[in-house]
There are 2 protein chains.
Amino acid sequence: MGLAKTEMFTDQQNEISLFAKVFGHPARVAILQHLFKINSCVCGDLVNEIGLAQPTISQHLKELKHLGLIKGNVEGTSVCYCIHKENWTTMKNIMSDFLNQDLIEKQNCC
Amino acid sequence: MGLAKTEMFTDQQNEISLFAKVFGHPARVAILQHLFKINSCVCGDLVNEIGLAQPTISQHLKELKHLGLIKGNVEGTSVCYCIHKENWTTMKNIMSDFLNQDLIEKQNCC
DNA sequence: TTAATACATTGCAATATTACGATTAATATT
DNA sequence: AATATTAATCGTAATATTGCAATGTATTAA
């Protein structure tokens, strides 16, 4: 198989897992952290910054863009990337709801 | 390839991606949400609850346990699972730091 | 002891992911 | 126009993930 049976889960569960999946590779984490650190648009130097080959970085950027977490603007021959702030906030709220579920003391055995 | 080049990333980046990866499947999200909802140990009914075959659930539980996010206690013929609260809090702090990076207004082009 | 129950493990098929060389597409420069 | 630059896309190899049938293991019940 290798494919998740998404139809048996809620939209919320599928959405959480899609966001999580995109953070499930250190290169994409590194790209996002760099975009936050620079806090402006990064044109081109992500390949040097991260250290993977250009097609690989391009593929990771595509996934981040597809989920709406970054924006890309063509600027001459290069492309400028930055965090999509509104979508990042939306994602953050969804993930935070999941992570911040109540840990009330009431356990029986563990 | 199919394997991440973890050696070129920081420990923090690799840790974030490992936690995210385990949330990158809706079945594991559903299992965790169920454990939170019950808010005590769940003995046995996870297979009925989630709807995947027993070996599949067992495999997902193994991954969650391996990362330390759940605990499993043998209770007779069944095994009781619950959230590992301390580890969950640690994970939550790591993920929150990543998700809550500052979104200061200063963008050039995007 | 035997049978039943609950869960783990093994083995395998189908699909997904990661990485990159080669190529293509688009714009800039000369 | 010809060339250079930058990034996307294609194609492919290596590896990982998902799912489950079959089987194994441990505990309980009869």
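Naming convention: chains lettered A, B, ... in sequence-line order (proteins, then strands); numbering from 1 in each chain.
- Listed pair Tyr81(B) / dA8(C) meets the phosphate criterion, a side-chain N or O lying under 4.0 Å from OP1 or OP2.
- Taking side-chain N and O atoms only, His60(A) has no distance below 4.0 Å to OP1 or OP2 of dT17(C).
- Between Thr6(A) and Ser58(A), the residue whose closest nucleotide on DNA chain D is further toward the 5' end is Ser58(A).
- In this structure, the ring of Phe98(A) has its center less than 6.0 angstrom from the ring center of Phe23(B).
- For the pair Asn73(A) CG and dA8(D) C1', the interatomic distance rounds to 16 Å; values are reported in whole Å.
- Between His60(A) and His25(A), the two ring planes are tilted [angle within 30° to 60°].
- Atom CG in Asp45(A) sits roughly 13 Å away from atom C1' in dA7(D) (whole-Å rounding).
- Side-chain atoms of Lys21(A) lie closest to dA16(C) of the nucleotides dA16(C), dT9(C), dG19(D).
- Here dT9(C) sits opposite dA22(D) as a Watson-Crick or G-U wobble pair (both hydrogen-bonding atom distances under 3.5 Å).
- Side chain of Asn14(B) to backbone of Thr6(B): a donor-acceptor contact under 3.5 angstrom is found.
- For dT18(C), the OP1/OP2 oxygens have no side-chain nitrogen or oxygen of Thr56(A) closer than 4.0 Å.
- In this structure, the CD atom of Glu75(A) is 10 Å from the P atom of dA28(C), given to the nearest Å.
- If you take CD of Glu63(A) and P of dT9(D), they are 12 Å apart, rounded to a whole angstrom.
- Computed from coordinates, the Lys65(B) NZ to dT9(C) C1' distance equals 14 Å when rounded to whole Å.
- Side-chain atoms of Thr56(A) never come within 3.5 Å of backbone atoms of Leu52(A) as a donor-acceptor pair (strictly under, hydrogens ignored).
- Gln54(B) contributes no side-chain N or O that forms a donor-acceptor pair with the base of dA6(C) under 3.5 Å.
- Residues Val74(A) and Gly24(A) both approach DNA chain C. Their nearest nucleotides, taken by heavy-atom distance, put Gly24(A) toward the 5′ side.
- Nearest nucleotide to the side chain of Gln59(B), out of dC20(D), dT9(C), dA7(D): dC20(D).
- For Lys5(B), the listed nucleotide lying nearest its side chain is dA19(C); candidates were dG19(D), dA19(C), dA8(C).
- Each of dT17(D), dA22(C), dA6(C) was ranked by its minimum atom distance to the side chain of Ser78(B); first place goes to dA6(C).
- Gln13(A) and Gln33(B) share a side-chain donor-acceptor pair at under 3.5 Å.
- Closest to the side chain of Ala4(B), out of dT18(D), dA19(C), dT9(C), is dA19(C).
- The nearest whole Å value for the distance from the CD1 atom in Ile70(A) to the P atom in dA8(D) is 9 Å.
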Original post:
Does the side chain to side chain contact (heavy atoms under 4.5 Å, CB included) test come out yes or no for Leu69(B) and Ile83(B), once each step is laid out?
Top reply: CA-CA 6 Å; Leu69(B) 295 177; Ile83(B) 302 289; over 6 Å; no

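- In this structure, Glu7(A) places its CD atom 9 Å from P of dG19(D), rounding to the nearest Å.
- For Thr77(B), the listed nucleotide lying nearest its side chain is dT5(C); candidates were dT5(C), dC7(C), dA28(C).
- Rounded to an integer number of Å, the gap from His25(B) NE2 to dA16(D) C1' is 13 Å.
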